[in-house]
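Below is one structure, written out as structure tokens; the observations come after it.
In this text, all values refer to a predicted model and were calculated from it rather than measured experimentally. Chain identifiers are assigned alphabetically (A, B, ...) following the order of the sequence lines, protein sequences preceding nucleic acid strands; residue numbering begins at 1 within each chain.
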Amino acid sequence: MSVLEFIANGLVFSSIIVLASIGLSLVYSIADFANFAHGDTMTVGAYAALVTFGAVGTLGGTVLGLPYGFFVALLAGVAVAAVVAVATHKLIYEPVEIGSIGLLITSIGVAFVYRSVIRMGFGADFTEYGIQVLRPIEALLPFGIRMTLHDVAILGSAIVLVSALHFLLQYTDLGRKMRATADNPDLARVSGIRTNRIEIWTWIIGAGLAGAGGAFLGLFNQLSPRMGFDILLVVFAAVILGGIGSVYGAMLGGLLIGMINQTMPLFENFGQYAPLVPEGWGIPIGLEYANAVAFVIMVLVLLARPNGILGDSAT
Amino acid sequence: MVRNDKQSRNRRDVLKLTGVSGVALLAGCVSTTDDEDTTDGGNGGGSDGGDDGGSDGGTDDGSDGDDGGSDGGDTSPYKIGMVDSVSGSLSAFGQRNQRGKDLAIADVNAEGIGGRDLEITVEDSQSEAQAGVSAAQKLVNQDEVPFLIGAVGSSVSLAIYQSVIQGTDVVQLSQNSTSPDLTNFPGLLRMSPTGSVQAGALADLISNDGYDDVAITYINNDYGKGITDSFTEAYDGNVAYEQSHDQGQSSYSNVVSGMANADADAWLFITYQPEFSTMAQEAYSSGYEAQFYGADSAKGPKILENTPEGSLDGMKVVAPSAAIDQDNYKQFASRFEDEHGSEPTAWSAYAYDCVVNAALAIHTANEFTGAALQETVRDVTRPEGEKVSTYAEALEVLGDDGSASDIDYEGVSGPIDFDENGDPVGFLQVFTVQNHEYVSTGTIASE
């Protein structure tokens with residue numbers, strides 16, 4: 001049993017949280033409210049992927065243990081989540097002219113609507129994509145790492161998506177406009193940026209990433225109407241830890257929170273793994289407190305840096 | 001335009017505000033599940049619509065009974081309530097309960113209760129205590145039912161008992177709760193046998209299979225804790241790992257790695273179906289091999305469907321069992337199969353017996369109030385009376401003026417015979433997973 005196993009598990013779980021956190025943070029920075037429907041947007045993405053996967057089937061070959069059909073389904077999940085989010089933005093968030101607190105409450109209502117619709121269509125039970133569950137990769141076993149190809153696929157896809165977003169924000173025209181809008185919307189508008197369009201793009205990217213996160217969460221765990229809501233608190237912790245509104249903060253926060261969640265069993269035998277700590281020394285704390293520990297760490301970080309780790313820097 | 005004004009506000013202020021409102025909201029979220037419950041109640045109402053159809057049919061039959069001139073006068077149906085896990089982690093149980101309940105209603109209303117029908121209002125507990133309590137509150141305070149069937153999860157049943165039922169006359173009969181804790185609340189009746197019997201059986205099973213070390217993970221609620229405590233008390237070997245986990249988490253790999261870390265060859269899962277499916281998958285995809293054992297809640301076709309072939313082979317589950325050798329069960333089973341195309345589980349049988357038991361209690365009580373039903377609900381199944389195995393048979397024995405102690409209802413789930421703690425006598429069955437199917441490999445009689 002090695003620490004590496006826990007870290008590997010942590011990386012995979014973090015990937016999903018990072019995908020969800022980025023979207024939440026992005027929407028916060030530009031649409032300017034904490035979107036509580038974000039978790040359920042993930043659920044929408046996951047179920048859209050489920051339906052598409054059922055329709056297109058496996059499509060022959062496989063990459064990383066995943067049939068081609070799954071990647072089509074993943075794209076469909078991303079697309080549907082983005083469309084649903086933009087439609088919600090246009091139909092609900094934009095017309096209701098209330099402050100960010102009002103929008104926040106509205107988004108909770110929206111979350112219930114998403115979830116109830118999914119429950120009406122698919123029932124309250126949990127379900128699976130029906131993709132063969134894999135055994136761990138043999139080559140990594142000697143190191144004590146027990147990852148399947150699916151885990152590698154989740155991690156790899158998250159890295160690709162995150163890098164793509166980084167590229168988009170730093171090097172494209174759209175990215176520059178997004179950063180400008182997040183920084184100072186009035187100035188951005190005066191300089192000729194159509195902030196309305198930027199806002200729509202933000203929803204597309206944020207919800208799309210959430211949809212991908214949801215599709216992967218379904219693969220990693222299982223699909224159920226509550227899946228997105230159940231992970232939302234952890235995602236919020238990640239976003240606030242990293243500094244809400246900051247995309248890079250959300251990445252860092254997501255990584256940290258996912259890691260803490262998965263490495264909880266190490267706390268009990270802390271002394272065996274950490275240098276400079278006596279062998280038998282440990283923190284006796286049950287796994288059921290994993291989320292509580294994540295939040296305690298979040299609070300401690302906020303005490304030192306009130307705006308989160310990367311809260312002060314721009315998007 | 002409005003949005004612009006908002007954004008020009010100081011960033012830090014917004015952050016503060018959102019933080020504060022976030023906290024308020026998290027608190028809010030807890031109670032918002034209640035709101036959600038009302039929508040689910042709507043769904044529950046939908047299924048009631050179906051029941052109504054059934055009871056309408058029943059009225060026609062019941063009118064024959066009217067000629068016998070029982071009560072006369074009031075012919076409106078008797079209304080009782082049921083809190084069920086229509087959604088949530090235990091929805092598989094809830095669904096089975098509904099099927100059992102529907103069959104029982106059809107049987108009861110074919111005969112009628114003194115010329116009147118039985119009607120059951122179903123509310124969803126979402127398998128969670130909070131929503132369960134508000135469902136029960138609605139039934140008891142708003143619909144004023146004197147008899148409440150509910151709930152599935154032990155923590156839900158207990159929460160309902162402690163915050164809604166205790167101190168009132170209302171009869172609560174849980175259909176599926178098995179936590180040993182419920183024994184400490186004599187006012188809370190249940191149809192399924194206590195889990196301490198199950199825990200003892202598991203302890204014997206694991207010892208007899210030759211395992212001296214066991215790793216246990218249990219769901220963090222009354223049910224999981226209760227069974228685990230009884231198990232560790234009964235088990236002679238060494239408990240190498242004992243940790244709880246929360247319901248509905250997004251990942252349980254830390255649980256599985258922790259269990260593997262403990263170096264025990266026998267792993268015991270006292271958890272619910274979705275949670276167990278995730279753990280079984282995680283164990284499989286991490287390449288861990290161990291002899292799995294499970295409590296009744298970690299068994300179900302959904303688990304087989306959602307775990308890879310071969311990942312569970314050899315797993316042993318001890319589950320409460322219906323009276324599978326009795327004629328009335330066989331009849332129940334064949335009717336169930338005709339309607340739903342699959343065999344009933346013990347859980348449907350418990351729900352069926354809950355409804356029949358309620359109907360008999362109402363029939364023998366002198367008035368339709370909680371206080372009167374408290375008098376009869378236990379007596380109709382106690383061994384003092386004449387044994388009857390169906391509702392129709394019971395009516396025959398009771399005749400026009402029979403009292404509750406004249407009959408001993410032997411249900412499709414077993415002899416029932418509530419004891420002073422409100423616990424029934426039941427059967428247990430051992431299931432082993434072979435070729436990804438549950439195969440019954442023995443029965444244990446409970447006391």
Side-chain angles (χ1 to χ4, degrees), chain A residues 1 5-6 9 13 16 28 32-34 36 97 99-101 104-105 108 112 115-116 119 123-128 132-136 141 146 148 150-151 184-186 189 217 220-222 224-227 230-231 233-234 236 240 244-245 261-265 286-288 290-291 307 311, chain B residues 2-4 6-9 11-12 14-15 17-19 21-22 25-26 28-29 32 35-36 39-40 43 86-89 91-92 94-95 126 217 220 243-246 248-255 257-258 260-261 263 273-274 277-278 281 284-288 302 305-308 311:
Chain A
M1 172 57 51
E5 175 184 1
F6 289 102
N9 286 345
F13 189 51
I16 293 166
Y28 178 87
D32 206 29
F33 73 97
F36 269 73
E97 298 197 344
S100 57
I101 302 289
L104 191 153
I105 305 282
I108 294 180
F112 282 132
R115 200 181 321 154
S116 302
R119 199 182 281 166
D125 249 345
F126 67 100
T127 181
E128 291 275 345
Q132 177 65 42
V133 179
L134 299 177
R135 302 295 271 184
L141 281 181
R146 293 162 182 272
T148 63
H150 289 170
D151 293 338
N184 190 333
D186 292 331
R189 187 187 296 260
L217 183 59
F220 179 67
N221 191 346
Q222 64 216 177
S224 74
R226 276 183 74 99
M227 61 190 282
D230 283 337
I231 204 173
L233 266 188
V234 183
F236 261 105
I240 293 172
I244 190 154
N261 186 298
Q262 290 298 310
T263 50
M264 273 297 286
L287 282 183
E288 67 269 33
N291 286 347
N307 281 349
Chain B
V2 180
R3 194 143 304 176
N4 280 349
K6 247 178 9 226
Q7 282 176 335
S8 59
R9 221 185 285 153
R11 219 179 155 70
R12 193 176 270 234
V14 174
L15 198 77
L17 258 175
T18 328
S21 65
L25 254 161
L26 298 185
C29 277
T32 36
D35 297 343
E36 198 192 1
T39 35
D40 284 327
N43 294 343
V86 179
S87 62
S89 295
S91 55
Q95 197 187 18
Q126 298 177 40
T217 183
N220 191 13
Q243 288 259 330
S244 67
H245 55 263
D246 276 335
Q249 293 297 297
S250 309
S251 158
Y252 290 108
S253 20
N254 48 13
V255 173
S257 332
N261 221 348
D263 264 345
Q273 296 188 27
S277 303
T278 308
Q281 272 187 19
Y284 181 84
S285 64
S286 301
Y288 293 123
K302 266 273 173 191
E305 216 175 282
N306 290 314
T307 48
S311 59

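Judged purely by atom type and a 3.5 angstrom limit, B:S286 has no side-chain atom pairing as donor or acceptor with the backbone of B:Y288. In terms of modelled atom types and a separation under 3.5 Å, the side chain of B:Q281 and the main chain of B:N306 share a donor-acceptor contact.
No side-chain heavy atom of B:Y284 sits less than 4.5 Å from a side-chain heavy atom of A:T148. Looking at heavy atoms from C-beta onward, A:Q262 lies out of side-chain contact with A:E5 at the 4.5 angstrom threshold. Using a 4.5 Å cut-off on side-chain heavy atoms (C-beta onward), A:V234 and A:N291 make contact. Contact annotation: the side chain of A:F220 never approaches that of B:S250 to less than 4.5 Å [non-hydrogen atoms, C-beta and beyond]. Under the 4.5 Å side-chain criterion, counting only non-hydrogen atoms from C-beta, A:I231 is in contact with A:L217.
With a 4.5 Å cut-off on non-hydrogen atoms, A:Q132 touches chain B through its side chain but not through its backbone. Looking at A:N261, the atoms closer than 4.5 Å to chain B (heavy atoms on both sides) sit in the backbone and in the side chain alike. Of the two parts of A:N221, the backbone and the side chain both hold a non-hydrogen atom closer than 4.5 Å to a non-hydrogen atom of chain B. With a 4.5 Å cut-off on non-hydrogen atoms, A:L134 touches chain B through its backbone but not through its side chain. Heavy atoms closer than 4.5 Å to chain A are found in both the backbone and the side chain of B:Q273. Using a 4.5 Å cut-off between heavy atoms, A:F126 contacts chain B through both its backbone and its side chain.
Among B:S89, B:S285, B:P308, the residue making the largest number of heavy-atom pairs under 4.5 Å with chain A is B:S285. When B:S244, B:S311, B:G88 are compared by the number of non-hydrogen pairs under 4.5 Å with chain A, B:S244 comes out ahead. Chosen from A:Q222, A:M227, A:H150, A:M264, the residue pairing most often with chain B at heavy-atom distances under 4.5 Å is A:Q222.
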